[in-house]
Amino acid sequence: MSDYPYEKELEEELEADMKQIELKTMLEKADNAVAVAVGTTAATGAIPIPFADTPLLIGQQVALMAAISGIFGIDVKKDGLKALAITALGAGGAAVLGKTMAANLIKLIPGAGSVAGGAVSAGTAGVITWAMGKAYIEVCKAVKMGKLSENDITGLKGSALFKDYFEVQMKNRE
C-alpha cells in the first residue's frame, strides 16, 4: 500500500496527459507530412506533358498515407492504401475529374497552354493531396482513439469514414 492515498489517480491522470501529448505530436508530424506531400504533388502536377502526372500522383498520395500510417504506428498494406486513394478520388466525383481533365487538355496547347495547364494541374494536385492527407489523418486518429480498428481501415467502415472525411475536406477547399 502506498503512503500517498491519491497516487493511483495521479498516475492515471499522468497517463492520460501523456497519451494526449503523444497524439498531439503525431498530429503535428502528420500535418508536416501532408504539407511536404502537397508541395511535391503540386510540382508533379505542373509537369507539362498531358496525363503523365496521374500515376505519379497516385503513387505520391499512397506514399503520404503510408508515412501517416507510420507516424501513428499503424500497419496498413500499400494495396489497401491505393484502394483508399482511388476511393477518395472517386468520392471527389465530377469536380475532381473535371479539373484534372481540363488541366490536362489545356496542357495539349503548345507553349502557354502547357504553362497554364501545368499551373491548374499543380493546384488541383495540391488540393486533392491536402484533402486526402487530412482525411487519412482523421482515420488514423479514429484508430488511436479506439473508434476504428486497424483491420477496419481498408474495409468498408474505414473506406466510408475516409470517403466522408475526404468529401468534407474537398468542400472546405472550394
Side-chain angles (χ1 to χ4, degrees), residues 1-45 53 55-93 95-96 122-174:
M1 185 129 233
S2 171
D3 292 339
Y4 304 103
Y6 302 108
E7 184 173 2
K8 183 177 180 180
E9 292 168 18
L10 291 173
E11 285 177 2
E12 289 171 357
E13 263 184 58
L14 179 61
E15 187 176 326
D17 289 345
M18 291 186 68
K19 284 182 180 180
Q20 285 289 64
I21 291 168
E22 179 185 27
L23 181 60
K24 184 179 178 188
T25 301
M26 288 175 181
L27 292 171
E28 288 172 358
K29 287 180 180 179
D31 282 340
N32 287 338
V34 171
V36 169
V38 166
T40 59
T41 56
T44 299
D53 56 358
L56 297 172
L57 290 171
I58 291 173
Q60 288 173 302
Q61 291 159 343
V62 169
L64 168 62
M65 291 192 295
I68 293 169
S69 295
I71 289 166
F72 281 88
I74 297 171
D75 184 27
V76 181
K77 302 285 182 240
K78 288 207 177 195
D79 287 344
L81 294 176
K82 186 176 180 181
L84 281 177
I86 291 168
T87 296
L89 294 174
V96 170
T124 301
V127 167
I128 291 169
T129 301
W130 181 86
M132 198 176 285
K134 289 295 195 175
Y136 192 65
I137 288 170
E138 290 301 317
V139 170
C140 290
K141 190 168 126 183
V143 170
K144 282 297 174 189
M145 296 176 77
K147 296 178 181 178
L148 184 71
S149 78
E150 261 187 58
N151 294 333
D152 286 337
I153 290 176
T154 57
L156 292 176
K157 190 174 179 182
S159 292
L161 188 63
F162 181 65
K163 181 181 164 207
D164 290 345
Y165 283 132
F166 179 77
E167 287 174 348
V168 167
Q169 295 299 330
M170 288 299 290
K171 284 179 185 163
N172 289 342
R173 297 298 289 189
E174 289 177 354

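A quick note: this is a predicted structure, and the numbers were derived from the prediction, not measured.
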Output all residues satisfying side chain to side chain donor-acceptor pair (under 3.5 Å) with E138, sequence neighbours left out; order by chain, then residue number.
none
Quick one: CD1 on I137 to CZ on F162, what's the gap to the nearest 0.5 Å?
10.5 Å
Is any side-chain heavy atom of M170 closer than 4.5 Å to a side-chain heavy atom of I128?
yes
Partners meeting side-chain contact (heavy atoms from CB on, under 4.5 Å) with E150 (sequence neighbours left out):
I74, D75, V143
Between M132 and A85 the two heavy atoms that sit nearest each other are CE-O, 3.7 Å
Least distance between heavy atoms, A33 atom then I71 atom:
CB-CD1, 4.2 Å
Output yes when a side-chain donor or acceptor of K144 lies under 3.5 Å from a complementary backbone atom of F72, and no otherwise.
yes
Apply salt bridge (Lys or Arg N to Asp or Glu O under 4.0 Å) to K19 and list each qualifying residue two or more places apart in sequence or on a separate chain.
E15
T154 meets the side-chain contact (heavy atoms from CB on, under 4.5 Å) criterion, sequence neighbours left out, with V76, L84
Pairwise side-chain contact, W130 with T41, heavy-atom cut-off 4.5 Å (strictly under)
no
Going by side chain to side chain donor-acceptor pair (under 3.5 Å), name the residues that satisfy it together with S69, two or more places apart in sequence or in a different chain.
Y136
Heavy-atom side-chain contact between V38 and V34 under 4.5 Å:
yes
Atom pair CD (E22) and CG (L27), whose distance is rounded to the nearest 0.5 Å
10.5 Å
Just jot down the side chain to side chain donor-acceptor pair (under 3.5 Å) partners of D31, sequence neighbours excluded, or say none.
K134
Going by side chain to side chain donor-acceptor pair (under 3.5 Å), name the residues that satisfy it together with T25, two or more places apart in sequence or in a different chain.
none
Per-pair distances, 0.1 Å, donor-acceptor, side chain in residues 58-65, under 3.5 Å, sequence neighbours excluded:
residue, atom, partner, partner atom, Å
Q60, OE1, T44, OG1, 2.9
Q60, NE2, T44, OG1, 3.1
Q61, NE2, T129, OG1, 3.0

